[in-house]
Protein chains: 2
Amino acid sequence: MKWVYIEDISKYVGMEVELRGWLHNKRSSGGIRFLLIRDGTGVIQGVASKKDTEKESFSLIDDLNQEASIVVKGKVREEKRSPIGFELTINSIQVIQNKEGYPISPKSHGVDFLLQNRHLWVRSSKQWAILRIRAEVIKAVEDYLWNKGFLRMDAPIFTPSACEGTTTLFGVDYFGESTYLSQSGQLYNEATCMGFGRVYCFGPSFRAEKSKTRRHLTEFWQLEPEMAYAHLEDVMELAEGMVGYTVNRVLKKRESELNTLERDTKLFLSIKTPFPQIRYEEAVRRVNELGESMELGEDFGAPQETVLSGSFNTPFMITHFPESVKAFYMRKESLNSDSTLSFDMLAPEGYGEIIGGGEREFDRKELEKNIKSRNLPMDAFKWYLDLRKFGSVPHAGFGLGIERMVAWICGIKHIRETIPFPRMLGRVYP
Amino acid sequence: MKWVYIEDISKYVGMEVELRGWLHNKRSSGGIRFLLIRDGTGVIQGVASKKDTEKESFSLIDDLNQEASIVVKGKVREEKRSPIGFELTINSIQVIQNKEGYPISPKSHGVDFLLQNRHLWVRSSKQWAILRIRAEVIKAVEDYLWNKGFLRMDAPIFTPSACEGTTTLFGVDYFGESTYLSQSGQLYNEATCMGFGRVYCFGPSFRAEKSKTRRHLTEFWQLEPEMAYAHLEDVMELAEGMVGYTVNRVLKKRESELNTLERDTKLFLSIKTPFPQIRYEEAVRRVNELGESMELGEDFGAPQETVLSGSFNTPFMITHFPESVKAFYMRKESLNSDSTLSFDMLAPEGYGEIIGGGEREFDRKELEKNIKSRNLPMDAFKWYLDLRKFGSVPHAGFGLGIERMVAWICGIKHIRETIPFPRMLGRVYP
């Protein structure tokens, strides 16, 4: 008999199949037992009865506990009332392991307890749906870049010097040398994009932030593309194309997961590129209008982002931030301007920033001026300045925070559920 | 005029195009100037002459330095003698930046110098070819797993406890708590594979090895798939399928890069699954026969791997290692056996191990016995043991070292060239 996965079950209607999985839940009604069987690819209801099910198998059902591992044989049939459209008439059940006391019951638990049991919590329907969407999002953004000719060039995690202060960096003793875990692969992307034209890196980034907010992890995954011979508008177009493609793909391929999360997807259907763009000054004006105060020259904090982002039904972009809130490498709009060729993309519905990027300063003298005026150590940037010395060209890029993107798509408030094993202040277990 | 990439040049024969790139090299012959132009996707020869080229453009060619950034307009024509089959008749050249003194000339340099200038070295033909093959290998292995239904589930980098001794681990002060950078995502994969059936993680792994060998980096990338309801033979089949697919895809899509590396690809053409399999005992016998001594119960060192792997023309697998050389989680062949359900895949031609994996112990009592007999801290494995307590099933997986795989495919001796920014003992710059 053929071992099949529940996600492929529609191909086996009327056939006898074998499922290998776990007991998700069960109930009984008269002489009939209903088993919710999950196998990692989906959940199906199996129906056992004295008529259809082997006697020995039927008799052990009442002793099966939640998360018992079971191999179930039976016949697939269409069933309109099933969420997946199919049910299994159970012939036999083989029990691999069955133990009482699975700690996560369908009743509700505190989040600390669930995080402490994250190694088991990932099996629960909602977490399962979120992480399957995460996997789709990651594959989608990488496929999108690959199909546009971008090559993956991994940036290093160990970085030699603290370019912009060490307060939010994790230090590592590297055989007696002091190094730091990377917060971004961008500077390295700028080197590889001069060799390969269009590159991206995708890896974990680390931020030693002591704040406990729903938008921060100490370890998060960032996708960072960088293009040579490109300007602000080129990477804005790339960013909106990528986000549009990804949302569409998740809608198509992860519809049942979005249903499990009870995500209202009406808004997604109306997302179209190009996304709305507003300049920084206009964004500040709107924030104040929406009842959160902020001054020109300041950065958006969480409350400001939330109200502004809540006033949109589609991802949108804020452009031309003042240099006071952006990094030293941002190119200015014009030589004496205070505005930079930068953008943030914010998700709507109050979710806030998912992407930040812009055009990099490619003139060596301007870049040196920026480094000096911010009192950064010129020495640490020796290799980075080389990129402006030899074959410097206009270039631009951005960084996408995977967890923030997944949180928005899934419609969940806290990004700790968007990564298999979240790392936060006070949380490195399991 | 249309900006095109050199990799797409065959579509533009007879047409005027714009290339944006860098001057790779040049020579002159009489009144003609030959410019090797690279744009990150390939290299094309541009031919300038007084007849075809604007006067101003022609006159500046003699002052152009290696790696000058230039925008070149011209007409594409077929040219049989060209390595890519096409040349460009140059109409005009716009210089973006041009500076003397690019440190990496076509003459040879010492490897320390090159590593110190890695941010520029990636532009050199050979490094460019290697890293483009690396990008193809990574996309190939991920596509392969995705198409087989595997979902990416990122394992954490910060891990709470040192499961198997701390001598090769990098420690990190995590807000006062002592944590370590992950050497492998396997234990976490074992948790997620019980939730998702088939999973993999792909990320940087860290090993604080003080040895300077051509096969070790302190920061390397590992792809680790894990399957629930799977046995040794299932993951061996998966591994050989993946390696076969990847080699074929590189042969097809990165032919010119392999040529640049002067890689002899004859062997690749004869690679067929299934790969040869030999048991550990037979492998030890052969190693001794090949002139390297080793005893039963010992692990293969670099010299042993090299001679054995040199005697094969295809990747091959060593199976059933004794428990003395494998980790505590390896399942035994039978209860009282000393052999484990493990395998290593070795690349031929002396390259050695590229994959290691096997079946995991899924019986809680056996696993606890292994932990105790090796004097490992039972506490650290509390969550890991939970996986054997609730819904335990046979499962298996493996880890593929990306850099070793790339080194073999590229035919290069030292893996430091297979990653954009290698990290080794004494090397964290740039």
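Residue numbers start from 1 in every chain, and the chains themselves are labelled A, B, ... in the order their sequence lines are given, proteins ahead of strands.
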Side chain to side chain contact (heavy atoms under 4.5 Å, CB included) for K139(B) and R152(A)? Distances and angles first, verdict last. CA-CA 8 Å; K139(B) 191 71 172 68; R152(A) 178 185 175 121; over 6 Å; no

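- Atoms OG1 and OH, on T159(B) and Y429(A) in that order, are 13.0 Å from each other to the nearest 0.5 Å.
- With chain B as partner, the option from V95(A), I138(A), T41(A) having the largest number of non-hydrogen pairs under 4.5 angstrom is I138(A).
- Counting heavy-atom pairs under 4.5 Å between each of G21(B), G197(B), P394(B), G42(B) and chain A puts G21(B) at the top.
- Of the listed residues (R423(A), K99(A), E67(A)), the greatest number of heavy-atom pairs within a distance under 4.5 Å of chain B belongs to R423(A).
- Separating the CE atom in M194(A) from the CG atom in L120(B) is a distance of 11.0 Å, to the nearest 0.5 Å.
- Aromatic ring pairs are classed by plane angle as parallel below 30°, tilted from 30° to 60° and perpendicular above 60°; the pair F196(A) and W128(B) is parallel.
- Proximity of a side-chain donor or acceptor of Q97(A) to a complementary backbone N or O of V393(B) within less than 3.5 Å is not detected.
- Options Q127(B), Q66(B), R388(B) differ in how many heavy-atom pairs under 4.5 Å they form with chain A, and the most are formed by R388(B).
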May I have the step-by-step check of side chain to side chain contact (heavy atoms under 4.5 Å, CB included) for H119(A) and K382(B), ending in yes or no? CA-CA 11 Å; H119(A) 54 293; K382(B) 194 191 159 300; 5.9 Å; no

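- Between chain B and the options W3(A), Y174(A), Y102(A), F202(A), heavy-atom pairs under 4.5 Å are most frequent for Y174(A).
- Taken from OG in S69(B) to OH in Y229(A), the straight-line distance is 4.5 Å, to the nearest 0.5 Å.
- Using a 4.5 Å cut-off between heavy atoms, N117(B) touches chain A through its side chain atoms alone.
- Heavy-atom distances place no part of W121(B) under 4.5 Å from chain A, backbone and side chain included.
- A donor-acceptor contact shorter than 3.5 Å is absent between the side chain of W383(B) and the backbone of P430(A).
- Contact count against chain A (heavy-atom pairs under 4.5 Å) is highest for E136(B) among E136(B), R118(B), E177(B), E190(B).
- Atoms CD1 and CG, on I157(A) and L181(B) in that order, are 9.5 Å from each other to the nearest 0.5 Å.
- Interface remark: A228(B) contributes backbone and side-chain atoms alike to the contact with chain A (heavy atom separation under 4.5 Å).
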For T192(A) and F421(B), run side chain to side chain contact (heavy atoms under 4.5 Å, CB included): C-alpha distance rounded to whole Å, both residues' side-chain angles, the deciding distance at 0.1 Å, then the answer. CA-CA 10 Å; T192(A) 52; F421(B) 296 93; 3.9 Å; yes

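- Looking at P422(B), neither its backbone nor its side chain comes within 4.5 Å of chain A, counting heavy atoms on both sides.
- With rounding to the nearest 0.5 Å, the separation of CZ in F390(B) from CG in N98(A) is 11.0 Å.
- Of the listed residues (A135(A), P103(A), S392(A), P204(A)), the one with the most heavy-atom contacts under 4.5 Å to chain B is S392(A).
- Highest contact tally toward chain B, considering only G149(A), G203(A), G101(A), is held by G101(A) [criterion: heavy-atom pairs under 4.5 Å].
- Heavy atoms closer than 4.5 Å to chain A are found in the backbone of C193(B), but not in its side chain.
- Counting heavy-atom pairs under 4.5 Å between each of V122(A), V71(A), V199(A), D154(A) and chain B puts D154(A) at the top.
- Contact annotation for R364(B): only side-chain heavy atoms (C-beta onward) come within less than 4.5 Å of a heavy atom of chain A.
- Atom CG of D379(B) has 12 or fewer heavy atoms from other residues, nucleotides or ligands within 6.0 Å.
- Chain A forms more heavy-atom pairs under 4.5 Å with one residue of T218(B), I96(B), L387(B) than with any other, namely T218(B).
- Only the side chain of Y5(B) comes within contact range of chain A, with heavy atoms under 4.5 Å apart.
- In terms of heavy-atom pairs under 4.5 angstrom with chain A, the leader among A68(B), A191(B), G171(B), G391(B) is G391(B).
- Ranked by heavy-atom pairs shorter than 4.5 Å toward chain A, the options R198(B), K389(B), R123(B), R132(B) are led by R198(B).
- Ring centroids of F175(A) and F170(B) are separated by less than 6.0 Å, placing the two rings close together.
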